[in-house]
Chemist: 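Take a look at the following structure, please.
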Number of protein chains: 4
Amino acid sequence: MTDLIHRNSSGVFVIAATPFTEDGALDLASTDRMVDFYLETGVTGMTILGIMGEAPKLSGEESRSFVKRVLARIDGRVPVIVGVSGAGIDPMRALTAEVMAAGAAGVMLAPMQGMGPEDRIEGYFGQVCKALGPDVPVCLQDYPQTTGVRMSVESILKIARDNPQVVMLKHEDWPGLTKLSRVRAETGTGEQPRLSILTGNSALFLPQEMQRGADGAMTGFAYPEMMVQVVDLSLKGDHDRAEDIFDAYLPLVRYEQQLGLGLAIRKETLRRRGVIATAKVRAPGPVMTKADHDELSRLVARLEKRLGELG
Amino acid sequence: MTDLIHRNSSGVFVIAATPFTEDGALDLASTDRMVDFYLETGVTGMTILGIMGEAPKLSGEESRSFVKRVLARIDGRVPVIVGVSGAGIDPMRALTAEVMAAGAAGVMLAPMQGMGPEDRIEGYFGQVCKALGPDVPVCLQDYPQTTGVRMSVESILKIARDNPQVVMLKHEDWPGLTKLSRVRAETGTGEQPRLSILTGNSALFLPQEMQRGADGAMTGFAYPEMMVQVVDLSLKGDHDRAEDIFDAYLPLVRYEQQLGLGLAIRKETLRRRGVIATAKVRAPGPVMTKADHDELSRLVARLEKRLGELG
Amino acid sequence: MTDLIHRNSSGVFVIAATPFTEDGALDLASTDRMVDFYLETGVTGMTILGIMGEAPKLSGEESRSFVKRVLARIDGRVPVIVGVSGAGIDPMRALTAEVMAAGAAGVMLAPMQGMGPEDRIEGYFGQVCKALGPDVPVCLQDYPQTTGVRMSVESILKIARDNPQVVMLKHEDWPGLTKLSRVRAETGTGEQPRLSILTGNSALFLPQEMQRGADGAMTGFAYPEMMVQVVDLSLKGDHDRAEDIFDAYLPLVRYEQQLGLGLAIRKETLRRRGVIATAKVRAPGPVMTKADHDELSRLVARLEKRLGELG
Amino acid sequence: MTDLIHRNSSGVFVIAATPFTEDGALDLASTDRMVDFYLETGVTGMTILGIMGEAPKLSGEESRSFVKRVLARIDGRVPVIVGVSGAGIDPMRALTAEVMAAGAAGVMLAPMQGMGPEDRIEGYFGQVCKALGPDVPVCLQDYPQTTGVRMSVESILKIARDNPQVVMLKHEDWPGLTKLSRVRAETGTGEQPRLSILTGNSALFLPQEMQRGADGAMTGFAYPEMMVQVVDLSLKGDHDRAEDIFDAYLPLVRYEQQLGLGLAIRKETLRRRGVIATAKVRAPGPVMTKADHDELSRLVARLEKRLGELG
């Protein structure tokens, strides 16, 4: 039996890709290999069916099949969060019930595209949490760059107070360092319960975020071992070494962080590393040009050289 | 065997609601009654699973069940367009194949949320049309208020030239009267094939749109008989009478045209007219207040008085 | 000495156009005539240098010259609100000081384009109010369709509590009837001071807004006499007669309410009514086509006929 | 007499800050020092009154005073581009005439906030260029993250073809590497004249952009000497050394690239470097927290260490 996510969850919850074969079908063999790869890098959790997992492009049957395969392969070794955001509360409730029964550790929820102003956001999360039931732990995703919804710190705190099952924040507002500092300082005090804070945005500010009190990362950078090292070193207080390692990867982190195109770069990197069989992204989706491929090769070669120097 | 939609389709393609029971299940008995009601008002077609049909809130099974019920009840008397817009091309292709096999007359496609700039829009429709196959007639939906995507007249023309299966435009850019005039003037000439133009936006400008060359309406105003009369009279050239009738309904058209809330008002009006059993909108969705209900009552009472005076 | 605007200001504050000559210069002769025209229709106030007044297209000198001309012509007979929204607080403070010294009755402020989330909106208004000084009455403009900023009722109330000089709300969120009802119900009670609520959006819902407790209208519909009658009748409780008159104008209200293009239609209507010498809109700006002109003629002819029938 | 900008302009056109004293007045002494500093770093041009120069927060008098001071100090040693984007064409024409007469080398133009779809963008630039007159060289700014306007490559090419005075592109769409490659490949061929391409976005992809054919950078990173070195080395083909230097600065480049907050970080860095007297940003504007200050100190210390190692 897997542990549920909770207010002190920490480490790296890697956002898993969804592997496809060249003709676009789910690639379950690559899925197994990818799960093994992630576990070997030392991640403490996994998040599936997020935007980067191309969830909206899967049929209901495919989603269920993928979730089951991942959960079976992991077999309780680390907790798995499933993204369930959608347009209707009924489908979200049904999907949640199903994945929790299958062994998921919690679900991730983002506000609906274009929703607002804030009182409607807060009401919406209350409605959804009630529908999911109080026993389902929720990770609240704050990602205005794709949802178009900007949540204030006050809104995040209120949602967490009103819905005790909201135990985790996926922080990826941008610029968002001050917001992270505020959520850290204003939770876990008095009547405001603690939130586990895991950060996204392809890890572009990971050492800084750790120094400001994040509990770890939740993003899909194709070298999860970097994130594991940086988070571990940061939690131990060795910020210099954490930043030395991070900075070596930063040219590539920055490259993979390109909104939209980043998914193609990430899958191509995982393919080159032997993790998944193809870099296929379902249509409509980004496609790397010849120049992009060459650029990636160059950046990877420079990374390897730099890691050698770093020792 | 139903006729497919084509470049000269005209009249009123009513956007059908999706009726639910009070506890949120699909209400198929109300669905039958609604189909009968629409046919009695004289509509020449029907469009289902659009945004106003709450398509994104239905599960795959519910969508299929609803489509089949509607097609069975209509039994080929008028063509039915099915909204298939989604995030992934594969699910769109699968849904399209299924509904066309079941007797649909064509599908409606909108650009994806936030897509742009224009060359990507054009490429996207090319990709989707190729995936659906050349035999599936497509209605292109131009609705920037909800998609966030603004298409130029040039883009619409290019998409129609590049993809001969695009035979119809659902026009609901706003303000959009000049755009409508331009599309009418610049199609059906030389190398640019004609497009059937049906207008949306809850019919707020229907007489003006007909005078500018629209072929009819495609929207879900809860008094479809008004749209049928206005379109018929306009096509016969009796614009004065068309506007007299339209203006009597205008206070209510304007009231129902409120973005978002309009769906609740429309369903409540259909409920009051005895068409559907409940005004239930699936969560998250708009809810009418007591003040809204009273306002609607007042507007309906005034409409009835005015229709009496009009004779 | 003009009275300042206050928490009980009511009636019609017409949004004044800014008249230009055919070659684009400020037309001060037309300005005088326009002021006289507005006063003759019975407006109780005037608002200048709003978006519809093309404020961002005026140079600083032109703005000052226009404000002075309008204030001189009105000569204290009705209060004048000046729109001062801008990108920097220093220029806003300077403009405010100048127009208040010249006899303005208050200023209108909107949030900055794209600002958010809500705590920054509230902080921003605090900052601006402090800069303007506590003696300058402020009308808060809630117009998300052009600012892109959605304010919750809670934010509006907080801004009004924190800044006692905010005495008026220009309400033009859309759909916004429930918001209006809430602001009316939740102000003027206990610690939340009353706000004068004047409504915008070209008056598209004016009778409904009055029935929900608005104090009047602040918009620029080219037949201000309609707004004056509807507001007066509504304040007296004669809602039937108010709606009879409003409904006669509604086809034209709806036509003028087209975002962007509406300004050209409004100026052309004022020109046809002999109020301003030209319908010139400064570039870049909307231009009416031949079809638009014909449509306007038709709508005006129908209005006149209808008014004749109405008696 | 300064040279005008042209189709082969290259190097680094630094986006200049606008220095203020602590109480918010223009700081002309710091302006002189800043100009000297920029010239010493080896920039080949300067761009003033851009968004980062807080142009919209200056009064007309302040803008003119600042432009004159900068031009006087530079005294023709490098060309100066002046940002003139605004809401009205008349004020843009007036400002352009004035700065060109004072010795500017060209002007920079961005599309208006929210403008679109594409045919209106193209028409708009035609209208503006005509108003400015054919002798004024124009740098077209493509910056959708702040303007909200996404321009296709086709639009950029058409604007450049239709308006021969458009000789330069400030490229800062994001992700935008493929767009840059396309503009480079599709200009300077046949009927499509060459464009100088200078890149923005705080230089986050500068070596990659140079490798794809950019002519240089136009952004305000607070260490312009890095940009000068990277551009020079790249133009000579020494991409390895260019990237070595760039990567050393990348943690700081990324830090300064935070939208909005970046301006405060940039000014604070210039202040610490002794270039300007205060880091004052005019209200409303970003403010650095204590944590931000400490973070910046840490990043600068690490940069210095790294530069020492790099030799």
Chemist: Work out which heavy atom in A/Pro284 is nearest to a heavy atom in B/Ala87; give both atom names and the distance.
Modeler: CD-O, 3.3 Å
Chemist: Can you tell me which portion of B/Met92 sits under 4.5 Å from chain A's heavy atoms? Options are side chain, backbone, both or neither.
Modeler: neither
Chemist: Are any non-hydrogen side-chain atoms of B/Lys57 and A/Asp90 less than 4.5 angstrom apart?
Modeler: no
Chemist: Is it the backbone or the side chain of A/Glu62 that comes under 4.5 Å from a heavy atom of chain B, or both, or neither?
Modeler: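 Neither part.
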Chemist: Where does B/Glu54 contact chain A at under 4.5 Å (heavy atoms): side chain, backbone, both or neither?
Modeler: neither
